[in-house]
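All values below were derived from every heavy atom in this structure, side-chain atoms included, with hydrogens, water molecules and symmetry-related copies excluded.
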Amino acid sequence: MIARTQAWGARTFSALRHPHYRRYWFSQLLSLVGSWMQATAQQYLVLELSGGSSAALGWVTVAQFLPSLLLSLFAGAVIDRVPRRRVLLATQLTLLATATALAVTTHLGVVTLPLVMLIAFVSGTANAFDMPARQSMVVDFVPRSDVPNAVALNSLSFNVSRTLGQALFGVVAALGVTLLAGGNAENISRLALPFYLNVASFFVVLYVIATLPFPARDFGPRGSMLGDVKEGLRYVRATPAVRNVMLLVGALSLTIINFNVIIPYYARVVFGAREATFGALSAAFGIGAMAGALWQASRPNPLRNLRLGALILIASAVLLAVTPGPILAFPVLAACGFGMLSLLVSANSTVQLTIPDALRGRVMSLYSFVLVGMGPPGALIASTLISRDWILGPRAGLITLAALGSVAVLLLWTRLPRQLDKPAGDE
């Protein structure tokens with residue numbers, strides 16, 4: 001039993017034996033706890049400012065992810081031309097500034113819904129460059145054999161921090177009542193404390209990025225920016241393994257992977273939860289996602305759970321639609337998180353291991369485009385279908401989203417890869 005446990009641990013966390021990747025991974029874990037506290041507080045803030053409107057949640061999500069829809073392809077060309085350290089420092093400083101603005105305006109009680117949307121748009125613009133840059137840098141610090149494990153561990157840190165950050169939101173908001181709101185539990189300034197804590201968390205990751213020894217890259221001669229973008233698109237179109245995985249991720253992002261709208265709306269409006277239960281329900285999803293990332297990290301073949309993850313995701317979303325209350329929603333949301341991360345880690349690893357390094361920034365920016373860029377239209381679709389003011393209502397609307405996702409899975413089922421292709425040009 002001890003030997004099996006040790007073997008599982010060595011296999012599951014193998015990428016952490018590389019010291020530079022380990023430094024980056026732990027710094028991201030800490031910073032993302034603050035980011036998830038902010039994200040959860042922002043969702044709650046939007047519902048407070050809008051009187052519980054799913055449309056408001058949807059439009060803030062549009063503002064946050066529209067830059068990825070508009071800029072991802074351009075961002076990939078930039079990442080393949082500019083040192084990754086420079087890109088990451090610029091994006092992290094921008095995100096630090098937006099977190100500070102949200103903290104101060106909420107604390108002073110002058111925050112408004114249009115201001116939240118503007119801050120979300122600026123943050124989304126930074127993330128349009130930050131996400132593909134961070135995904136591309138995995139190969140800078142681990143060998144090819146550890147890339148699937150590093151991708152899974154990146155998702156693990158993302159979801160450990162999601163679980164901690166969302167669970168801590170309820171505690172931190174309660175402290176904010178005493179520390180910032182003068183004991184008034186209805187004063188909006190209580191929600192500023194999670195934003196302030198997120199501001200503090202940025203300084204660790206900024207230091208690590210500034211001091212990590214990024215390997216030198218041969219950028220070589222470059223044509224036009226538009227030509228670089230077209231080259232990346234041609235590669236994806238001509239590579240079925242990458243193209244079909246991206247089609248699946250894009251289709252599910254447009255339909256069922258909109259839990260940043262679904263979870264807060266179900267928690268606050270359908271189940272009537274306050275801060276503590278609101279954060280706990282979000283954390284339940286994160287626990288399931290963390291389990292999915294751990295499961296994938298222990299799998300040598302990243303393709304193993306591509307189809308299975310999609311099925312678990314859709315089935316658990318249907319279960320959530322018929323769940324009567326928050327207590328039963330905890331395990332269901334955990335299953336949603338497990339299915340989503342099993343799917344996404346498998347998809348990301350498949351793409352990372354198939355593409356040549358010269359095209360990595362552009363192809364991963366296209367992956368971000370289909371995953372995050374589909375957020376704006378997906379959020380509008382989800383917020384409309386699950387709204388209590390629309391014809392279907394929250395429960396039938398969520399079943400409809402799951403049905404649309406299942407159609408995409410069925411259409412692509414036989415076209416998804418079953419084995420990894422070696423990147424062109426690799427020896």
For this session: Show your working on side-chain hydrogen bond (donor to acceptor under 3.5 Å, both in side chains) between Arg307 and Ser346 and close with a plain yes or no.
Result: CA-CA 9 Å; Arg307 294 169 178 81; Ser346 180; over 6 Å; no

For this session: Dump the intermediate steps for side chain to side chain contact (heavy atoms under 4.5 Å, CB included) on Gln43 and Arg268, then the final yes or no.
Result: CA-CA 10 Å; Gln43 292 168 346; Arg268 189 73 182 92; over 6 Å; no

For this session: Step by step, work out the side-chain hydrogen bond (donor to acceptor under 3.5 Å, both in side chains) result for Asn154 and Tyr24.
Result: CA-CA 10 Å; Asn154 280 354; Tyr24 174 75; over 6 Å; no

For this session: Might you work through the side chain to side chain contact (heavy atoms under 4.5 Å, CB included) test for Val205 and Leu30, ending with a clear yes or no?
Result: CA-CA 8 Å; Val205 74; Leu30 176 62; over 6 Å; no

For this session: Kindly indicate, with the supporting measurements, whether the criterion side chain to side chain contact (heavy atoms under 4.5 Å, CB included) is fulfilled by Leu252 and Val409.
Result: CA-CA 8 Å; Leu252 293 181; Val409 173; 4.1 Å; yes

For this session: Tell me, with the steps shown, if Leu248 and Leu343 meet side chain to side chain contact (heavy atoms under 4.5 Å, CB included).
Result: CA-CA 10 Å; Leu248 177 66; Leu343 164 71; 3.8 Å; yes

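With hydrogens and angles ignored, the 3.5 Å screen pairs a side-chain donor or acceptor of Arg17 with a backbone N or O of Ser14. Using a distance-only test at 3.5 Å, with no hydrogens or angles considered, no donor-acceptor pair links the side chain of Trp25 to the main chain of Leu16. No donor-acceptor pair under 3.5 Å is formed between the side chain of Asn258 and the backbone N or O of Ala382. When atom types are taken as modelled, the side chain of Arg415 and the backbone of Asn244 share no donor-acceptor pair closer than 3.5 angstrom.
Counting heavy atoms from C-beta outward, Leu49 and Leu45 have side chains that approach closer than 4.5 Å. Inter-residue side-chain proximity for Ser342 and Ile312 is flagged as unmet; no heavy-atom pair is nearer than 4.5 Å. Met364 is listed as a side-chain neighbour of Ile355, based on a closest heavy-atom distance under 4.5 Å. In this structure, Ser349 and Gln352 have side chains that are not in contact, with every pair of non-hydrogen atoms separated by 4.5 Å or more. The closest side-chain heavy-atom distance from Thr239 to Val363 is not below 4.5 Å. In this structure the side chain of Val261 reaches within 4.5 angstrom of the side chain of Ile386, judged on heavy atoms. In this structure the side chain of Thr94 never reaches within 4.5 angstrom of the side chain of Asp130, judged on heavy atoms. Residues Val407 and Leu410 fail the side-chain proximity criterion, which asks for heavy atoms closer than 4.5 Å.
Of the N and O atoms on the side chains of Asn260 and Tyr265, not one donor lies less than 3.5 Å from an acceptor on the other residue.
Partners of Gln28 by side chain to side chain donor-acceptor pair (under 3.5 Å), not counting sequence neighbours: none found. Taking Phe285 as the reference, Phe259 meet the ring-ring contact (aromatic ring centres under 6.0 Å, His included) condition, with sequence neighbours excluded. Scored by the side chain to side chain donor-acceptor pair (under 3.5 Å) test, Thr112 finds no partners at all (sequence neighbours excluded). A search for ring-ring contact (aromatic ring centres under 6.0 Å, His included) contacts involving Phe214 returns Phe141, not counting sequence neighbours. For Tyr196, the ring-ring contact (aromatic ring centres under 6.0 Å, His included) partners two or more places apart in sequence, or in a different chain, are His107. Under the rule for a ring-ring contact (aromatic ring centres under 6.0 Å, His included), the partners of Phe271 that lie at least two apart in sequence or sit in another chain are Tyr266.
Put simply, CG on Leu371 and CD1 on Ile257 are 6.5 Å apart, with the number rounded to the nearest 0.5 Å. Atom OG1 in Thr98 sits 10.0 Å away from atom CG in Leu118 (nearest 0.5 Å). For the atom pair CG of Leu212 and CZ of Arg23, the computed distance is 5.0 Å after rounding to the nearest 0.5 Å. How far CZ of Phe330 is from CG of Leu281: 4.5 Å, rounded to the nearest 0.5 Å. To the nearest 0.5 angstrom, Leu88 atom CG is 12.5 Å from Phe129 atom CZ. To the nearest 0.5 Å, atom CE of residue Met340 and atom CG of residue Leu333 are 11.5 Å apart.
Residues Phe195 and Ala41 come closest through the heavy atom pair CE2-CB, 3.6 Å. When all heavy atoms of Val87 and Ala133 are compared, the closest pair comes out as CG1-CB, 4.0 Å. Looking at every heavy atom in both residues, Leu29 comes nearest to Ser157 through CD1-O, 3.5 Å. Taking both residues in full, the closest heavy atoms of Ala192 and Ala103 are given as CB-O, 3.5 Å, listed atom of the first, atom of the second, then distance. Between Leu32 and Ser161, the shortest heavy-atom distance links the atoms CB-OG, 3.1 Å. Here the closest non-hydrogen pair linking Asn198 and Ser35 is OD1-N, 2.9 Å.
Environment of CD1 in Ile391: sparse, with no more than 12 heavy atoms of neighbouring residues, nucleotides or ligands closer than 6.0 Å. For CH2 of Trp59, the number of neighbouring non-hydrogen atoms (other residues, nucleotides, ligands) closer than 6.0 Å is 12 at most.
Of the listed residues (Asn348, Val242, Val236), just one forms a side-chain contact (heavy atoms from CB on, under 4.5 Å) with Tyr367, and that residue is Asn348.
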